[in-house]
Amino acid sequence: MRSLLLPPLPQLLGMVLAWLCWRRWPGLSRVLLAVSFGSLLLLSLPLVGSGLLATLERGYAPPSAAQIASAEAIVILGGGRISDSVEYGGDIVSNYALARLRYGARLQRATGLPVVVSGGVVGSGVTGEESRQPEAQLMADVLVNDLGIEVAWQESRSRNTAENARYTAELLRQHRIDRVLLVTHGWHMKRAEGVFTAAGLMVIPAPMSLVESDAVSLSDFVASPKALVASYYALHEWLGIWVYWWQGLL
């Protein structure tokens, strides 16, 4: 269902539908083709992609020294996996998750705070998925073996951001911790902060990969795959925020 709402699939389906209807309804087909192609082109512009991400990141900045000093633990959220990596002989964390781990490691070295990694198996319950390592375990392996950071706790039951918050809060309450540095991408922070706060934790946002506000240049009007990916993640987050609000999670 999510794929049907996010680019580029709706636009591609619109163009196919326009082609199929061309002979019978040429006027409607022209409109459908123009809307589909035009929206795909628009979402592929760096100006639009970065602008959509900026709407999610507004108000966020790296935590101050005083905020960092008040934290009791560091929570690093998972960011996906690469399945069956040939060179590693199994699943590994995605580039998004790796970036979060690097920033979390930097914060841990600066503070000495205990680290929590949060992430289970997305799609658990589907045949073949139960045997996969939880994302938290993959993350812990990177922190310990590659970055030299001790992991205090692993939360490995969650399948989405809401469950990240629920299960991590349950774990930390057992250790009387309620004020955390929350590490995730800037475009994901709005939703993540909302559900972690709703779960009863006091959140100090530690966003990363924030979009820089540069002067507009000619390259901002040249379509690129990277910009389309940025638009995809931004729209995915806004859709997730709306769904969580509708479900009463925010």
Side-chain angles (χ1 to χ4, degrees), residues 56-57 59-81 92-122 133-211 233 237 240 249-250:
L56 290 159
E57 298 177 353
Y60 288 113
S64 66
Q67 288 176 311
I68 291 174
S70 68
E72 298 171 317
I74 299 168
V75 176
I76 308 175
L77 299 187
R81 72 175 70 212
I92 60 173
V93 298
S94 71
N95 290 335
Y96 288 106
L98 183 58
R100 297 175 187 181
L101 291 169
R102 289 185 63 189
Y103 185 45
R106 181 185 179 90
L107 289 172
Q108 198 283 330
R109 291 190 186 100
T111 63
L113 292 172
V115 171
V116 187
V117 289
S118 177
V121 179
V122 176
Q133 286 179 288
E135 193 174 341
Q137 186 175 338
L138 299 176
M139 296 165 71
D141 288 344
V142 173
L143 285 172
V144 173
N145 299 323
D146 298 339
L147 300 175
I149 298 297
E150 181 182 351
V151 176
W153 304 290
Q154 297 181 33
E155 182 288 297
S156 58
R157 292 187 292 164
S158 57
R159 297 165 296 176
N160 51 51
T161 305
E163 290 185 359
N164 285 146
R166 173 186 171 187
Y167 297 136
T168 300
E170 289 178 2
L171 186 156
L172 290 177
R173 273 195 290 269
Q174 296 173 16
H175 300 277
R176 298 182 180 179
I177 292 174
D178 60 10
R179 189 174 183 87
V180 300
L181 281 164
L182 183 60
V183 177
T184 189
H185 280 76
W187 43 261
H188 184 230
M189 185 59 74
K190 186 179 182 72
R191 183 158 57 115
E193 182 186 11
V195 291
F196 269 78
T197 300
L201 293 174
M202 290 183 283
V203 175
I204 302 168
M208 30 140 333
S209 297
L210 295 169
V211 175
Y233 277 107
E237 276 307 302
L249 299 173
L250 290 176

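Applying the ring pair (Phe, Tyr, Trp, His ring centres under 6.0 Å) test to Tyr233 and every residue at least two apart in sequence or in another chain returns Tyr96, Trp187.
Under a 3.5 Å cut-off, the side chain of Glu57 and the backbone N or O of Val211 do form a donor-acceptor pair. Side-chain N or O atoms of Glu135 include none that pairs as donor or acceptor with a backbone N or O of Ser118 at under 3.5 Å.
Side-chain contact check for Phe196 versus Asn164: some heavy-atom pair is nearer than 4.5 Å.
Taking CZ of Arg102 as the reference point, atom CG of Asp146 lies at 11.5 Å (rounded to 0.5 Å). Here the CD-CE distance, from Glu155 to Met139, works out to 10.0 Å after rounding to the nearest 0.5 Å. Note that OG of Ser94 is 7.5 Å distant from CZ of Arg100, once rounded to the nearest 0.5 Å.
Here the rule is side-chain contact (heavy atoms from CB on, under 4.5 Å) with Val121, and of Arg81, Arg159, Gln137, Arg157 only Arg81 fits it. Of the residues Ile74, Ile204, Leu172, the one that meets the side-chain contact (heavy atoms from CB on, under 4.5 Å) test with Val180 is Leu172.
Salt bridge status for Glu237 with Lys190: absent, with no side-chain N to carboxylate O gap under 4.0 Å.
Defined by atom type and a distance below 3.5 Å, a donor-acceptor pair is missing between the side-chain atoms of Glu163 and Ser158.
Heavy atoms from other residues, nucleotides or ligands lying under 6.0 Å from CG of Asp178 number more than 12.
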